[in-house]
Amino acid sequence: MQSQQIVDAVHAKVAPLIGCGRVADYIPGLAGVDPRHFGLALATKDGAVYGAGDWQTPFSIQSVSKVFALALVLSHDSDAIWRRVGREPSGSPFNSLHQLEHDLGIPRNPFVNAGALVVVDQLLTLTGDPCLAVLDLLRAEAGNPAIGVDEQVAKSEAEHRHRNAALAHLVASYSNLTNPVDAVLDQYTAQCAIAMSCGDLARAAGLLARHGLRSNGSRFLSRSDAKRLNATMLTCGTYDGSGEFAYRVGLPAKSGVGGGILAVVPNRCTLAVWSPGLDECGNSYAGQAALDTFTTLTGWSVF
Ligand code: GLU
């Protein structure tokens, strides 16, 4: 089966599920998105892109941005961040204060919000402008200089960031933030509000399918760090549904409450799917079904 036939077949199979689930409404800027959107893109490791549905429509990538922030931190220093953040699945909601207090300010993994705040803190120290560093990486790898922050979503999220502020202050109370809390929160919020299409997202993540090599062939991550990042996505990337997702799909992936999911088939391709209706864990309902259908149809999983 050719790649275009694959994405078309997946789209057709999940069509009855599009619109199922609930759009995230705890960020008012996301609440108005039409749940009937569905986009799917497959980028081969050589950069060819195939898409179905709304694959060229920009959407709010939210927590999918956490993959690129972590990749940037690892590209500077593979070890330092792991002294401040764990690598275990959370088994709790992604914004749990209770777990963070129990773990004495060391977030369970880099993809829960507290962990991502620590990653942003580290990237702030390293670059001075984490959101711009993430944007530069995304723009270069996707080949699209127009990728940017959705200012309306960023403003809405900033106005409703009480819980993230509580997490950041709790981390800081355990001396696990090195920059001012508000500076870290501003950067984190902007990063989450990056908007881009499935096609651009799949292409931008190609370095994870190429064992750490950028689109121009230069090395961005060591082979080991690319492996570790993919492994962390597999175990922790889809919230408190990571076990079920691994069972159904069998691929490293990271989801966001905007309804996006990025998945990696190492040494072969990357997939980005977007459908805003979420399940109770916060993962895209039709998006998960699409990736499940994809690996079942092609046999391309890591297992
Ligand atoms: N910006 C969202 C938050 O901080 C990201 C959540 C997500 O996509 O997991 O709550």
Side-chain angles (χ1 to χ4, degrees), residues 21-33 58-70 85 89-100 107-121 123 130-131 134-135 138 149-171 177 181-182 184-196 198 201 205 232-233 235-242 245 253-263 272-285 287-288:
R22 282 194 56 195
V23 173
D25 55 7
Y26 75 100
I27 301 170
L30 295 179
V33 178
F59 66 95
S60 188
I61 67 169
Q62 291 294 317
S63 281
V64 182
S65 63
K66 292 171 181 169
V67 171
F68 297 93
L70 179 59
V85 182
S90 68
S92 295
F94 62 91
N95 53 9
S96 170
L97 283 153
H98 167 81
Q99 182 170 71
L100 184 60
R108 195 58 72 90
N109 67 61
F111 298 140
V112 291
N113 285 10
L117 286 160
V118 173
V119 171
V120 168
D121 180 55
L123 200 52
C131 183
V134 170
L135 279 171
L138 293 171
V149 170
D150 181 329
E151 297 298 343
Q152 206 188 327
V153 172
K155 183 168 177 293
S156 170
E157 193 158 345
E159 285 166 1
H160 294 83
R161 71 183 191 188
H162 306 299
R163 197 165 184 95
N164 286 329
L167 288 166
H169 280 287
L170 194 52
V171 171
L177 276 196
V181 166
D182 282 338
V184 174
L185 282 166
D186 288 346
Q187 289 285 341
Y188 170 85
T189 306
Q191 170 192 302
C192 286
I194 290 172
M196 62 196 291
C198 290
L201 185 56
T232 310
M233 290 167 71
T235 52
C236 310
T238 42
Y239 307 114
D240 197 15
S242 296
F245 184 90
K254 181 73 202 88
S255 54
V257 294
I261 309 178
L262 170 66
V273 62
W274 168 53
S275 192
L278 308 179
D279 70 7
E280 60 289 347
C281 291
N283 294 310
S284 169
Y285 195 91
Q288 290 178 95

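These numbers come from a predicted model, not from an experiment. First listed ligand is number 1; within each ligand, the first listed atom is number 1.
- Not close to ligand 1: Phe111, with no non-hydrogen atom less than 4.0 angstrom away.
- Judged by distance alone, with hydrogens and angles left aside, the side-chain atoms of Lys254 form no donor-acceptor pair with the main-chain N or O of Val64 at under 3.5 Å.
- Counting the atoms of ligand 1 from 1 in the order shown, those under 4.0 Å from a heavy atom of Gly256 are 8 (O).
- Of the heavy atoms in Thr189, none comes closer than 4.0 Å to ligand 1.
- Ring pair Phe59/Trp274 is parallel by interplanar angle, where below 30° counts as parallel and above 60° as perpendicular.
- A donor-acceptor pair under 3.5 Å links the side-chain atoms of Gln187 to the main chain of Cys131, judged by distance alone.
- Using a 3.5 Å distance cut-off with no hydrogens or angles, the side chains of Asn95 and Asn113 do not pair a donor with an acceptor.
- At a heavy-atom distance under 4.0 Å, only side-chain atoms of Glu157, from C-beta outward, approach ligand 1.
- Backbone and side-chain nitrogen or oxygen atoms of Asn113 are examined, and one is located within less than 3.5 angstrom of a nitrogen or oxygen of ligand 1.
- Not a single donor-acceptor pair under 3.5 Å links the side chain of Asp186 to the backbone N or O of Thr189.
- Heavy-atom contacts of Tyr26 reach the following atoms of ligand 1: 2 (C), 3 (C), 5 (C), 6 (C), 10 (O) (cutoff under 4.0 Å).
- The contact set between ligand 1 and Phe94, taken as ligand atoms under 4.0 Å from a residue heavy atom, comprises 6 (C), 10 (O).
- A donor and an acceptor atom, one from each side chain of Ser60 and Asp150, are nowhere located under 3.5 Å apart.
- Salt bridge status for Glu159 with Lys155: present, with a side-chain N to carboxylate O gap under 4.0 Å.
- No more than 12 heavy-atom neighbours from other residues, nucleotides or ligands sit within 6.0 angstrom of CZ on Arg22.
- With a 4.0 Å heavy-atom cut-off, ligand 1 is reached by the backbone of Ser63 and by its side chain too.
- Counting the atoms of ligand 1 from 1 in the order shown, those under 4.0 Å from a heavy atom of Asn164 are 3 (C), 4 (O), 10 (O).
- For Val257, heavy-atom contacts with ligand 1 shorter than 4.0 Å involve the backbone as well as the side chain.
- Counting atoms of ligand 1 from 1 in the listed order, those under 4.0 Å from a heavy atom of Gln62 are 1 (N), 2 (C), 5 (C), 8 (O).
- For the atom pair Phe111 CZ and Cys236 SG, the distance stands at 7.5 Å (nearest 0.5 Å).
- Interface atoms of ligand 1 facing Tyr239, defined by a heavy-atom separation under 4.0 Å, are 7 (C), 8 (O), 9 (O).
- Those atoms of ligand 1 with a heavy atom of Cys192 less than 4.0 angstrom away are 1 (N).
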